[in-house]
S.K.: 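Structure below; questions to follow.
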Amino acid sequence: MPARDSFHSVMRIGPVQIGTHRDRTGRTFHAAVCTADRCGWSADYSSRTAAQLAARTHRCTVR
């Protein structure tokens, strides 16, 4: 059975989107992804607070 990529509790801080998802083992992770063109930054965090802090302090290297 293929894994589902479903995000819930999606929020946006500047150009960064944060979404909550579960991996195959059922653990909850919070992904922070920059949506700016040619940036390519993304990271998974174990807490929503850490993802929000990363989103607030993220600076795109490409302008």
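Heavy atoms only: backbone and side chains are in, while hydrogens, waters and symmetry mates are out. Along the sequence shown, residues carry numbers from 1. What you see is a predicted model; the values in this text were computed from it and never measured.
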S.K.: Answer whether the closest heavy-atom distance between the side chains of His21 and Thr28 falls below 4.5 Å.
M.R.: no
S.K.: According to ring-ring contact (aromatic ring centres under 6.0 Å, His included), does anything in residues 25-47 pair up with another residue at least two apart or in another chain? List the pairs.
M.R.: Trp41-His58
S.K.: Filter on side chain to side chain donor-acceptor pair (under 3.5 Å), then keep only pairs touching residues 7-18, sequence neighbours left out; what's left?
M.R.: Arg12-Thr35
S.K.: The criterion is side chain to side chain contact (heavy atoms under 4.5 Å, CB included); which residues satisfy it with Thr25, sequence neighbours excluded?
M.R.: Asp23, Arg27
S.K.: Taking all non-hydrogen atoms of both residues into account, name the closest pair between Asp44 and Ala31 and its distance.
M.R.: OD1-CB, 3.3 Å
S.K.: Suppose we screen for side chain to side chain donor-acceptor pair (under 3.5 Å). Which residues come up paired with Ser42, at least two apart in sequence or across chains?
M.R.: none
S.K.: Walk me through whether Ile13 and Ile18 qualify under side chain to side chain contact (heavy atoms under 4.5 Å, CB included).
M.R.: CA-CA 8 Å; Ile13 299 176; Ile18 300 170; 4.0 Å; yes
S.K.: Partners of Arg48 by side chain to side chain donor-acceptor pair (under 3.5 Å), sequence neighbours excluded?
M.R.: Thr20
S.K.: Specify the closest pair of heavy atoms between Cys60 and Cys39, including all atoms of both residues, with the distance to one decimal.
M.R.: SG-SG, 3.7 Å
S.K.: My understanding is that only residues two or more places apart in sequence, or in another chain, count here; which of them pass side chain to side chain donor-acceptor pair (under 3.5 Å) with Thr57?
M.R.: none
